[in-house]
Participant: 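Just passing along the structure, written as structure tokens.
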Amino acid sequence: MLESPQIHIDPGSGVPAVRQIMDGLRVFLVEGRLAPGTELPSVRRLAIELGIHFNTVAEAYRQLAAEGWLDLKHGRGAIVVHRAVPPTPDRERTEDYRNRLRALVAQMRSEGISADGIAAELRAMAEMVTQ
Amino acid sequence: MMKLLISLHVFLGAVLLAIPNMTRRELLFAVPVSPDFRQSSAGRRAIAMFRLVVAAAAAAGIGALVLCPIRLVDTLQPPVAAGTIVIAVLAFYWQYRRLSPFAVEIPRKRAAALSTAPDRLPGFVWLGSGPFALLGAAALYLYLNWDRIPERLAVSRGIASPGGWADRTTKGVYGELLFALELCALLLLVGIAGWYGARRSRSRPVILGGIIAVTYVVAGMSDLIALQPVFGIPEWPIILVVVAALIPILVIMAGKMSHLGEPLDPTPQECWKGGVIYYNPSDPVLFVEKRGGLGYTLNFANRWAWILLAGLALVVATGFLLLD
């Protein structure tokens with residue numbers, strides 16, 4: 001039997017907990033480790049295990065549902081659904097991704113990682129999380 | 001009888017002296033430290049100072065009981081025991097303050113499995129029904145031997161003299177058992193609530209097992225007290241049985257808790273008031289592993305904590321009515 005994937009959060013990282021949960025879950029969803037039909041832990045259980053407020057987990061589930069990854073039905077919890085490939089993101093969204101990547105790349109460069117190294121890392125990651 | 005009384009206070013003192021050992025290796029007086037900190041000079045000095053204060057308090061209490069007139073022993077005994085405990089709590093807090101600068105940073109990272117597997121209680125939980133069977137058996141025996149119970153029975157809750165007298169009525173005969181039934185039910189409820197209301201960890205089965213073991217002690221002690229009038233059981237074997245049963249429970253729990261092999265629950269240090277009271281409104285958990293001692297403590301920012309405490313107060317209040 002496959003072990004359930006584990007989600008990690010670091011309250012000291014400065015990144016809001018809701019964002020950490022969304023990012024962590026999205027990686028598993030894109031990689032297919034959380035396949036359609038998979039039921040996620042209840043908001044209450046996940047909040048207790050992560051030591052964060054119920055509303056934070058509920059908000060992360062809601063946002064992922066809005067992205068089309070989850071189905072939230074009252075009393076049934078959160079279930080992963082098959083998500084149709086979304087249309088090409090609009091200019092504004094593409095610009096947002098570019099800005100976020102720019103900041104990350106700048107940080108990596110400032111820590112001495114070469115441009116080739118960053119490109120290889122990004123390529124490998126993009127291939128790994130192919131839907 | 002005086003020897004028994006002294007033994008009882010020696011036992012209390014011994015339990016209080018063992019407090020620094022009744023926790024994980026990564027904690028000392030509720031302060032997160034490195035596992036080898038206990039062997040350092042600061043760690044050893046803190047333990048020695050705590051034990052010196054507790055030993056002096058216990059010795060002073062025993063001395064007071066030995067020297068006071070025998071008619072005052074029963075009156076003096078509860079404040080002496082309470083005083084020893086209060087001094088131990090103050091000594092604990094003193095060491096907590098002294099060791100706080102040595103606290104190590106606990107990584108705040110948490111992980112949770114994305115699993116919906118049911119959080120089942122451990123298989124041994126059925127043992128929790130045993131104490132109720134013990135209480136039921138004693139009640140049945142008393143019912144079947146009603147005529148053997150004296151019309152007026154001594155309620156011997158004092159060391160030097162009977163605490164009072166009760167008539168052979170339902171309340172007089174079964175009161176002790178009913179109170180124990182309430183107490184065992186509450187303990188079991190707390191144990192199960194602790195299982196579901198705490199984060200998944202290796203300490204959960206240890207704590208639940210310890211609570212179930214304590215319910216056996218409560219039921220066994222109450223059985224012996226309730227059967228006292230029929231069998232004429234003296235007070236001292238009851239106390240000895242209780243003490244003898246509690247020692248292995250404490251030793252086994254302390255041994256298991258100190259070697260759990262998993263990291264400390266990364267609860268924020270600033271949410272531990274005085275090292276022992278956990279108050280974290282951002283954490284939805286109801287029970288957290290204690291920082292000082294064995295078992296759980298409540299997250300006092302959770303409203304269910306206060307509902308549970310109200311239930312406990314209700315049990316104690318009805319206990320007074322049943323035992324009056």
Side-chain angles (χ1 to χ4, degrees), chain A residues 1-18 20-35 37-61 64 69-71 73 75-80, chain B residues 32 103-121 192-204 207 262-272 278-291 296-305 308:
Chain A
M1 199 174 132
L2 277 175
E3 226 175 83
S4 307
Q6 284 210 327
I7 187 162
H8 297 259
I9 71 158
D10 181 2
S13 71
V15 179
V18 66
Q20 291 188 52
I21 297 171
M22 283 180 65
D23 289 350
L25 284 174
R26 202 185 288 108
V27 168
F28 295 136
L29 290 162
V30 172
E31 286 177 353
R33 289 177 70 190
L34 289 174
T38 307
E39 198 179 334
L40 293 184
S42 67
V43 166
R44 181 184 166 278
R45 179 38 69 185
L46 195 57
I48 286 176
E49 294 301 326
L50 295 175
I52 52 174
H53 205 277
F54 297 126
N55 291 346
T56 309
V57 177
E59 180 58 23
Y61 279 8
L64 287 171
W69 290 109
L70 301 179
D71 181 22
K73 287 221 173 89
R76 277 186 60 205
I79 294 168
V80 178
Chain B
V104 294
E105 188 79 20
I106 308 172
R108 299 274 303 273
K109 286 180 185 168
R110 283 189 189 278
L114 293 171
S115 161
T116 51
D119 191 18
R120 290 205 177 92
L121 288 164
I192 292 171
W195 181 272
Y196 289 113
R199 281 182 263 278
R200 295 179 197 207
S201 78
R202 289 180 196 164
S203 64
R204 283 198 312 175
I207 295 170
E262 68 179 2
L264 203 61
D265 190 0
T267 43
Q269 181 67 11
E270 64 273 15
C271 295
W272 286 96
Y278 185 63
Y279 186 92
N280 186 355
S282 306
D283 190 349
V285 81
L286 176 59
F287 288 94
V288 280
E289 204 184 308
K290 275 185 188 170
R291 282 273 168 101
Y296 297 122
T297 187
L298 292 160
N299 176 8
F300 287 93
N302 189 319
R303 70 174 192 279
W304 283 99
L308 256 176

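Each chain gets a letter, A, B and so on, in the order its sequence line appears, and its residues count up from 1.
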Participant: Within a reach of under 6.0 Å around CD of E105(B), are more than 12 heavy atoms found that belong to other residues, nucleotides or ligands?
Facilitator: no
Participant: Going by side chain to side chain donor-acceptor pair (under 3.5 Å), name the residues that satisfy it together with S13(A), two or more places apart in sequence or in a different chain.
Facilitator: Q20(A)
Participant: Which atoms of N299(B) are under 4.5 Å from chain A, going by heavy atoms: the side chain, the backbone, both sets, or neither?
Facilitator: neither
Participant: Residues two or more places apart in sequence or in another chain: which of them pass side chain to side chain donor-acceptor pair (under 3.5 Å) with Q269(B)?
Facilitator: R291(B)
Participant: If you look at every heavy atom in R45(A) and D119(B), which pair is closest and at what distance?
Facilitator: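 So the two residues come closest at NH2-OD2, 3.5 Å.
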Participant: How about R33(A) and L114(B): do any of their side-chain heavy atoms sit closer than 4.5 Å?
Facilitator: no
Participant: Quick one: what part of S282(B) sits under 4.5 Å from any heavy atom of chain A, side chain, backbone, both or neither?
Facilitator: backbone
Participant: So which residues of residues 106-113 of chain B are in contact with chain A at a heavy-atom cut-off of under 4.5 Å?
Facilitator: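 R108(B), K109(B), R110(B), A111(B), A112(B), A113(B), listed by number.
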Participant: List for me each residue that meets salt bridge (Lys or Arg N to Asp or Glu O under 4.0 Å) alongside R26(A), sequence neighbours excluded, and say none if there are none.
Facilitator: D23(A), E67(A)
Participant: Just verifying a value: how many Å separate S115(B) OG and L46(A) CG, rounded to the nearest 0.5 Å?
Facilitator: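 If we round to the nearest 0.5 Å, S115(B):OG and L46(A):CG are 11.0 Å apart.
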